[in-house]
Amino acid sequence: MAAVREGLPDGRYGRSADARADRTLKIVGAVLGAGLLALIAWFGYDYIAGQDVSGRLTGFKVVADDAVDVRLEITKDKDATGVCTVRTLDEYHDEVGRKDFTFDQREGDLVKVVTVRTTARATTAELIGCEPGR
């Protein structure tokens, strides 16, 4: 029986084309991975730092057939003006009221109760969103 060789002797013939291609692919993959991580980090920072005004609806009370009192917690910079949009829905989930509220007080955190007028009896209220005012 003849002895079977497992491969070429190390260092005798240089690198194979497959080894060069593998190294190139590893470098390209590392560069693309680092770029993707940097992009995700940038979007995350921009999302967090770009939110000057945020709000949360913490409760509501139907006070009449044509009015709902809504309790909002607003977080904003002291010098910023915020505009929050609230809408009310009836039992069929049709919109029966919508109003924008402007908060320009020189306070960072606010808790306000605002009234939304409705065209029919509302059963729920929801905060659509808050954004910096002009």
Side-chain angles (χ1 to χ4, degrees):
M1 272 201 181
V4 179
R5 268 204 236 175
E6 294 182 17
L8 298 174
D10 291 333
R12 186 166 185 181
Y13 299 104
R15 289 182 137 168
S16 71
D18 287 341
R20 279 191 294 272
D22 288 347
R23 184 167 189 254
T24 303
L25 284 175
K26 286 179 185 176
I27 291 171
V28 168
V31 168
L32 289 175
L36 180 63
L37 282 174
L39 187 65
I40 290 171
W42 172 258
F43 283 134
Y45 173 77
D46 186 53
Y47 177 76
I48 292 170
Q51 297 231 349
D52 295 329
V53 178
S54 65
R56 197 171 76 169
L57 188 142
T58 57
F60 68 92
K61 182 179 182 182
V62 178
V63 293
D65 285 343
D66 63 347
V68 177
D69 285 346
V70 178
R71 185 174 189 265
L72 298 173
E73 291 181 4
I74 309 299
T75 302
K76 64 180 187 67
D77 294 336
K78 286 188 176 190
D79 296 331
T81 298
V83 178
C84 294
T85 303
V86 176
R87 76 176 182 168
T88 57
L89 306 173
D90 67 5
E91 62 183 320
Y92 303 108
H93 302 286
D94 293 329
E95 185 175 296
V96 292
R98 177 184 290 248
K99 187 162 183 181
D100 293 332
F101 296 99
T102 302
F103 302 99
D104 56 0
Q105 294 85 353
R106 298 291 175 219
E107 301 174 31
D109 295 333
L110 302 167
V111 176
K112 293 288 183 179
V113 176
V114 293
T115 302
V116 179
R117 295 288 177 192
T118 62
T119 57
R121 185 165 186 84
T123 57
T124 191
E126 62 183 16
L127 178 66
I128 300 297
C130 294
E131 59 187 34
R134 293 163 201 90

Quiz prompt | Common cluster, Val96/Leu89, ILVMFWY with side-chain heavy-atom separation under 4.5 Å | solution = no

Quiz item: Is Leu72 close to Phe103 at the side-chain level, that is, under 4.5 Å between some pair of heavy atoms?
Solution: yes

Self-check item: Remaining members of the apolar cluster that contains Ile128, side-chain heavy atoms under 4.5 Å
Solution: none

Quiz item: Hey, what else clusters with Ile40 if you join Ile, Leu, Val, Met, Phe, Trp, Tyr whenever side-chain heavy atoms sit under 4.5 Å?
Solution: Leu36

Quiz item: Which pair of non-hydrogen atoms, one from Val62 and one from Ala122, has the smallest distance, and what is that distance?
Solution: CG2-O, 3.4 Å

Quiz prompt | Exercise: identify the closest heavy-atom pair between Ala125 and Val70 | solution = CB-CG2, 4.0 Å

Quiz item: What residue pairs, at least two apart or across chains, pass salt bridge (Lys or Arg N to Asp or Glu O under 4.0 Å) with a residue in residues 59-79?
Solution: Arg56-Glu73, Asp65-Arg121, Arg71-Glu73

Quiz item: Got a sec, which hydrophobics cluster with Leu39, joining ILVMFWY side chains under 4.5 Å apart, including via others?
Solution: Trp42, Phe43

Exercise. Check side chain to side chain contact (heavy atoms under 4.5 Å, CB included) between Tyr92 and all other residues, then give those that pass, not counting sequence neighbours.
Key: Asp90, Asp94

Practice problem: Give a yes or no on whether Val114 and Val68 share a hydrophobic cluster (residues Ile, Leu, Val, Met, Phe, Trp, Tyr; joining criterion: side-chain heavy atoms under 4.5 Å apart). | Solution: yes

Self-check item: Inter- and intrachain pairs under salt bridge (Lys or Arg N to Asp or Glu O under 4.0 Å), touching residues 98-112, at least two apart
Solution: Glu95-Arg98

Exercise. Go through the structure and list residues passing side-chain hydrogen bond (donor to acceptor under 3.5 Å, both in side chains) with Glu91, not counting sequence neighbours.
Key: none

Quiz item: Side-chain heavy atoms under 4.5 angstrom apart, residues restricted to Ile, Leu, Val, Met, Phe, Trp, Tyr: same cluster for Ile74 and Leu127?
Solution: yes

Quiz item: Among the clusters formed by ILVMFWY side chains lying less than 4.5 Å apart, do Leu57 and Leu110 turn up in the same one?
Solution: yes

Practice problem: Give the minimum heavy-atom separation between Ala67 and Thr115, together with the two atoms involved. | Solution: CB-CG2, 4.1 Å

Quiz prompt | disulfide bond (SG atoms under 2.5 Å apart) contacts touching residues 59-130 (sequence neighbours left out) | solution = Cys84-Cys130

Quiz prompt | Partners meeting side chain to side chain contact (heavy atoms under 4.5 Å, CB included) with Thr102 (sequence neighbours left out) | solution = Thr81, Val83

